[in-house]
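Everything below concerns the one structure shown next.
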Amino acid sequence: MSAYRTGDPLDRRRFLTAAALRGATVIGTGALTTGALTTGALSTGALGTGVIGATALGAVDADAAFAAPIRPLDPAVAESAFTEGRITAINQDVLEVAGSYGDHSRVRVTNATSVWKARATTAADIETGDGLYARGLPLPDGTLAADAVWVNIVNLHATIRGIEKTRLHLAHGQHEIVGNLMAQTTSASYGDASPTADLSRLTIGQSAQVLGAWRPSDGSVDLVRVAVAPGAGRRR
């Protein structure tokens with residue numbers, strides 16, 4: 001099982017630094033062929049009774065996936081554990097997950113689980129083939145009872161190579177990525193300023209940190225936030 005507790009020497013955030021490029025797992029470096037995936041989505045009717053509160057182990061927004069783990073103040077609350085990988089099957093409220101390093105884990109999603117997939121959503125939006133990063137508590141049978149799940153989350157450094165009305169063309173290492181601009185969702189952060197819906201100051205050649213959600217269907221990324229350095233961004 002790929003779940004591990006807070007405090008392990010393994011840096012959990014390294015799983016969140018790479019997009020799903022040419023078939024690689026969205027939050028790791030491993031790959032899984034589409035032939036290994038089964039068809040299915042988690043229906044809301046499959047959700048069971050909540051195991052833990054959605055905020056018992058920390059915040060649940062997108063940035064919380066990268067934040068340093070917190071230790072529960074309540075001694076009755078166990079330390080959080082994490083797991084990551086590609087969803088290979090959905091069995092009622094349990095997600096079968098193939099980890100980036102050949103391991104396997106099972107994640108139980110309940111009606112108390114917070115789900116992020118480019119936005120706050122429900123477990124009904126989780127599908128086989130999605131990348132997953134989950135936080136929760138380990139159960140006696142080895143299953144992770146998730147209080148928060150981030151689906152297809154991408155956090156990477158890139159260079160803006162092209163700008164269109166509905167998308168950005170980004171370069172990440174040797175890879176070219178299409179970033180989808182989403183009305184009422186995509187924001188830009190210029191230096192230390194608060195995120196804004198004004199994207200007009202993004203320019204070709206800027207270095208940017210990109211937060212978004214990978215689309216397994218075409219390899220593009222739905223952009224949630226594009227952050228550029230202080231002083232960057234003259235109006236184009």
Side-chain angles (χ1 to χ4, degrees), residues 6 11-20 26-27 53-73 80 82 84 113-122 125 130-135 146-173 175-215 220-236:
T6 301
D11 180 1
R12 68 187 180 85
R13 281 171 288 182
R14 75 183 182 187
F15 291 126
L16 302 169
T17 59
V26 62
I27 47 182
T55 59
L57 303 178
V60 294
D61 60 11
D63 289 302
F66 312 100
I70 63 172
R71 292 185 178 275
L73 297 177
S80 55
F82 301 85
E84 59 79 38
T113 304
S114 170
V115 179
W116 182 95
K117 191 175 184 180
R119 58 183 174 81
T121 186
T122 68
D125 283 340
D130 282 339
L132 170 145
Y133 185 71
R135 179 187 68 200
D147 84 313
V149 172
W150 294 272
V151 182
N152 294 335
I153 191 167
V154 168
N155 180 32
L156 54 84
H157 291 281
T159 301
I160 300 174
R161 296 300 190 194
I163 300 175
E164 299 181 19
K165 184 176 181 179
T166 60
R167 59 187 181 178
L168 299 180
H169 294 271
L170 306 168
H172 173 65
H175 301 288
E176 297 295 326
I177 303 170
V178 173
N180 305 303
L181 299 174
M182 301 180 293
Q184 301 179 344
T185 299
T186 304
S187 66
S189 178
Y190 304 100
D192 296 328
S194 299
T196 174
D198 179 13
L199 307 181
S200 65
R201 294 161 59 191
L202 297 177
T203 61
I204 294 174
Q206 283 178 329
S207 296
Q209 184 169 6
V210 174
L211 175 66
W214 167 60
R215 286 188 186 180
S220 65
V221 174
D222 289 338
L223 299 177
V224 173
R225 187 169 67 242
V226 181
V228 297
R234 294 182 177 180
R235 293 186 179 275
R236 60 179 187 270

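Looking at heavy atoms from C-beta onward, Ile177 lies in side-chain contact with Leu156 at the 4.5 angstrom threshold. Taking the side chain as every heavy atom from C-beta outward, Thr196 and Arg201 never approach each other to under 4.5 Å. Proximity of Val228 to Leu202: side-chain heavy atoms (C-beta onward) are separated by under 4.5 Å at one or more points. Contact of the Asn155 side chain with the Val210 side chain is not registered, since no non-hydrogen atoms from C-beta on lie closer than 4.5 Å. At a threshold of 4.5 Å between non-hydrogen side-chain atoms, the residues His169 and Glu164 count as touching.
Across all non-hydrogen atoms, the minimal contact from Trp116 to Thr121 is C-CG2, 4.5 Å. The two atoms that bring Thr113 and Ala146 nearest to each other are OG1-O, 2.7 Å, heavy atoms only. Between Ile204 and Ile163, the shortest heavy-atom distance links the atoms N-CD1, 3.9 Å. Shortest non-hydrogen contact noted between Leu223 and Thr186 is O-OG1, 2.6 Å. When all heavy atoms of Ala118 and Thr185 are compared, the closest pair comes out as O-CG2, 4.1 Å. The heavy-atom pair separating Ala213 from Lys117 by the smallest distance is CB-C, 4.4 Å.
Of the possible polar contacts, one joining the His172 side chain to the His157 backbone as a donor-acceptor pair under 3.5 Å is found. The closest donor-acceptor contact from the side chain of Asp222 to the backbone of Asn180 lies at 3.5 Å or more, if one exists at all.
We find the CD1-OG1 distance between Ile160 and Thr203 to be 6.5 Å, quoted to the nearest 0.5 Å.
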Side chain to side chain contact (heavy atoms under 4.5 Å, CB included), that's the test. Do Val151 and Val115 meet it? Break it down for me.
CA-CA 7 Å; Val151 182; Val115 179; 4.2 Å; yes
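A salt bridge links Asp125 to Arg119: one of the charged nitrogens lies within less than 4.0 Å of a carboxylate oxygen.
By the 30° and 60° cut-offs, the orientation of the rings of Tyr133 relative to Phe82 is parallel.
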